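A short worksheet on the structure shown next.
All chains are named by letter (A, B, ...) in the order of the sequence lines, taking the proteins before the strands, and each is independently numbered beginning at 1. In this text, all values refer to a predicted model and were calculated from it rather than measured experimentally.
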Amino acid sequence: MTALAHIEACIFAALDTLKANGTLPSDIDTRNVDLEPTRDAAHGDLACNAAMVLAKAARRKPREIADALVGLIAADPMVVKAEVAGPGFINLTLAPSAWQATVGEVLGAGLGYGRADLGAGGKVNVEYVSANPTGPMHVGHCRGAVFGDALANLLAFAGHDVTREYYINDAGGQVDVLARSAFLRYREALGEAIGDIPEGLYPGDYLKPVGQALADAFGNSLLGEDEAQWLPKVRGIAIDAMMAMIRDDLAALNVRHDVFFSERALTQGAKDEVAETVGELRAKGLVFEGVLEKPKGHDADDWEEREQTLFRATAFGDDVDRALLKSDGTYTYFAADMAYHHNKLARGFRHLINVFGADHSGYIKRMQAAVAALSGGEADLDIKVCQLVRLLRAGEPVKMSKRAGTFVTLREVVDEVGRDPVRFMMLYRKNDATLDFDLAKVVEQSKDNPVFYVQYAHARVHSVMRAARDAMPHVDLSSAAIRTADVSCLTDAGELELLKRLALFPRLISGAARVHEPHRIAFYLHDLAQLFHGHWTRGNDSPHLRFIRPDEPSVTLARLAMAQSCAQVIASGLAILGVGAPEEMR
RNA sequence: GCGUCCGUAGCUCAGCUGGAUAGAGCAUCUGCCUUCUAAGCAGAGGGUCGCAGGUUCGAGUCCUGCCGGACGCGCCA
């Protein structure tokens with residue numbers, strides 16, 4: 001148990017005592033009681049807000065409650081100082097041994113240090129990327145892909161049973177356009193001069209290999225067929241090719257999924273799941289025939305009022321009711337997406353997370369309405385919106401036009417700057433803030449670039465390990481020896497600061513996982529690396545602070561244990577972000 | 001017109017489900033390599049947390065209204 005967890009338990013035990021002796025009402029709500037690290041060292045190591053939070057309900061002054069709590073908490077051997085400060089904070093200072101024990105916690109648990117059991121193994125479904133299978137992924141997809149992947153890693157680390165999904169939009173008009181575009185490339189592959197790609201078709205060269213593959217597979221036999229005959233064949237092959245390309249791109253980013261779920265399969269499987277879902281909602285009285293108002297805000301010349309089949313989304317917080325059928329009688333995209341989420345629920349998921357791009361933020365309410373309706377309020381859907389990425393090169397925006405085929409692909413960016421910098425930079429920002437991504441700076445490998453800063457801290461630990469083995473060949477520096485080192489000599493302020501930060505890692509994990517914010521890991525790692533570099537350099541002026549003390553093997557061992565603890569926490573944090581932890585940076 | 005998100009140092013951004021004197025990086029300035037990797041460190045300057053109210057022991061954080069920016073709003077996907 002970490003020092004933090006111990007003190008927290010101690011506080012709640014004290015609260016129970018106060019409830020038992022009548023100082024506090026026995027039914028008082030203690031959910032807002034929090035123990036947090038102090039920002040100012042003058043306030044000790046940890047501060048607790050219990051007295052202020054409980055004062056009102058207990059009808060007592062904060063300081064009265066605080067004094068009573070302090071009396072009980074101060075008895076704990078781990079606490080060397082407990083005092084009431086300010087409006088009623090309880091400031092605690094812990095014995096160095098409490099922080100030193102962190103080393104044993106970290107090295108003892110190995111890469112499991114910081115794991116939580118938030119979900120009690122409960123199932124969580126995280127859907128991310130879900131890019132249309134009509135072309136290569138562009139940089140816009142990159143952020144959502146990395147974010148979703150890291151979030152899934154984080155939730156798994158925090159004790160959830162995570163399924164990572166990609167929804168393939170392979171049923172709409174766009175994949176028919178893809179098929180027609182590929183068919184043109186097929187004719188080209190057979191020697192026909194196709195000229196410019198007509199407006200409305202996908203112009204990119206990436207379809208040329210598909211055209212060639214079609215020519216190889218079918219010869220010229222498709223040329224004599226009607227579109228109705230060749231389109232399904234071409235479409236299937238083209239979608240498969242696009243998905244293969246997308247999977248390759250994702251693999252280059254180290255992004256993976258457990259399930260690739262086909263929209264088309266919803267209606268073409270053994271049963272029509274879309275019809276089933278709509279039927280179920282109809283049975284609940286949530287489907288009706290109605291007329292929608294003309295939407296505002298832009299030209300809707302071709303708008304005609306007509307009665308259509310609607311889902312009563314407004315009953316679940318959406319702004320308007322949503323259409324389920326198009327005028328041609330086929331289902332809308334939304335109807336299929338409802339069926340997809342119905343399918344997720346049927347597979348037992350009660351916690352759903354979708355990662356959207358900013359351009360889909362208008363879709364949030366209706367999806368949450370859908371899940372609420374389909375699950376009868378039993379399931380929750382959190383939607384994380386990733387804001388746009390502005391791609392720059394040396395401060396200048398990179399011009400992109402999908403129409404002209406000049407958009408920058410995800411693959412180009414990964415190839416240019418590398419996987420780790422891309423991933424780290426995408427996560428070194430809150431998901432709902434826009435992000436400037438400068439290709440020139442990210443490759444610079446300078447202090448402009450936090451990923452190298454963090455990786456460097458990790459590499460330095462391994463460097464010092466190598467140097468220690470050279471400097472002290474006769475001392476047992478095995479991992480077993482380090483793990484069991486006597487760390488009571490780690491009393492320097494810089495050392496204690498590092499140990500405290502390491503002790504906060506489990507708290508960070510559970511906090512980040514609870515609010516679905518992987519970027520917190522990135523910032524924590526940067527902070528930890530900062531403390532580490534600072535302590536390292538202090539050894540320049542003060543040789544007695546160096547990790548390697550040839551005259552003092554036991555001190556060396558303790559410091560190496562601390563360094564290893566830092567490296568290990570950095571490695572597990574980076575693993576959650578999907579970023580490598582190199583042992584040297586050369 | 002409506003909805004969502006954003007507005008914090010010159011720039012890019014953190015601020016941990018409301019906590020104490022608002023932080024980091026970059027940029028600027030001053031120092032530190034005969035040394036475990038200087039891809040590093042120490043220090044300085046830099047703020048009306050968009051504006052105005054409200055909620056309470058306490059607001060950058062929550063509520064309301066404005067201002068400014070981004071995105072979205074039809075049977076597209």
Legend entry - Side-chain ion pair, A/R31 and A/D29, N-O less than 4.0 Å: yes
Legend entry - A/Q530 side chain near B/rG40 phosphate (N/O to OP1/OP2, under 4.0 Å): no
Legend entry - Atom C1', compared across B/rA59 and B/rC49: separation rounded to whole Å: 11 Å
Legend entry - Identified pairing partner of B/rG43, criterion: Watson-Crick or G-U wobble below 3.5 Å: B/rC29
Inset, instruction - Mind checking A/R507 for me? I need base, sugar-phosphate or nothing, with any heavy atom below 4.0 Å counting as a touch. - result: base
Inset, instruction - Would you classify A/G534 as touching base, sugar-phosphate or nothing, given that sugar-phosphate means primed atoms plus P, OP1 and OP2, and contacts are heavy atoms under 4.0 Å? - result: sugar-phosphate
Legend entry - Nearest to side-chain heavy atoms of A/R546, which nucleotide of B/rC36, B/rC75, B/rC71: B/rC36
Legend entry - Pair partner, B/rG58 [Watson-Crick or wobble, under 3.5 Å]: none
Legend entry - Where the chi angle of B/rC33 falls, syn if within 90° of 0 and anti if not: syn
Inset, instruction - Return no unless some side-chain N or O of A/W536 is found under 4.0 Å from OP1 or OP2 of B/rU37. - result: no
Inset, instruction - Sticking with atom P, work out how far B/rU21 lies from B/rG60, rounded to a whole angstrom. - result: 10 Å
Inset, instruction - Tell me what A/H533 touches on the nucleic acid: a base, only sugar-phosphate, or nothing, going by heavy atoms under 4.0 Å. - result: sugar-phosphate
Inset, instruction - Answer yes if the side chains of A/H516 and A/D382 hold a donor-acceptor pair under 3.5 Å, and no otherwise. - result: yes
Legend entry - Under 4.0 angstrom between A/R460 side-chain N/O and B/rA38 OP1 or OP2: yes
Legend entry - Pair A/F147 and A/H519, ring centroids less than 6.0 Å apart: no
Legend entry - From A/I509 atom CD1 to A/F157 atom CZ, the distance as rounded to the nearest 0.5 Å: 5.0 Å
Legend entry - Phosphate OP1/OP2 of B/rA38 contacted by A/Y453 side-chain N/O (<4.0 Å): no
Legend entry - B/S/- contact track for nucleotides 2-7 of chain B, protein heavy atom under 4.0 Å: -S-SS-
Legend entry - B/rC36 - base-pair partner by Watson-Crick or wobble geometry, distances under 3.5 Å: none
Inset, instruction - Consider the side chain of A/F547, meaning its heavy atoms from C-beta on, and name the nucleotide among B/rC36, B/rG19, B/rU21 that approaches it most closely. - result: B/rC36
Inset, instruction - Would you mind classifying the nucleic acid contact of A/V53 as base, sugar-phosphate or nothing, using non-hydrogen atoms under 4.0 angstrom? - result: base
Legend entry - Aromatic contact, A/F452 with A/Y456 (centres under 6.0 Å): no
Legend entry - Base-pairing mate for B/rG1 - Watson-Crick or G-U, with both contacts under 3.5 Å: B/rC73
Inset, instruction - Please state whether the phosphate of B/rG74, meaning OP1 or OP2, lies under 4.0 angstrom from any side-chain nitrogen or oxygen of A/R366. - result: yes
Legend entry - Residue whose closest nucleotide on RNA chain B lies nearer the 5' end, A/R31 versus A/R322: A/R31
Inset, instruction - Taking the six-membered ring for Trp and the full ring for Phe, Tyr or His, determine whether the centres of A/Y166 and A/F261 are under 6.0 Å apart. - result: no
Inset, instruction - Write down the distance separating the C1' atoms in B/rC75 and B/rC66, rounded off to the nearest Å. - result: 38 Å
Legend entry - Approximate separation, where rounding is to 0.5 Å, of A/D176 CG and A/L231 CG: 5.0 Å
Inset, instruction - Take atom P in B/rA52 and the same atom in B/rC67, then report the distance between them in whole Å. - result: 15 Å
Legend entry - Proximal nucleotide (of B/rU17, B/rA38, B/rA77) relative to the A/H360 side chain: B/rA77
Inset, instruction - Report yes if the distance between the aromatic ring centroids of A/H458 and A/F532 is under 6.0 Å, otherwise no. - result: no
Legend entry - Opposite nucleotide pairing with B/rA9, Watson-Crick or G-U, both atom distances under 3.5 Å: none
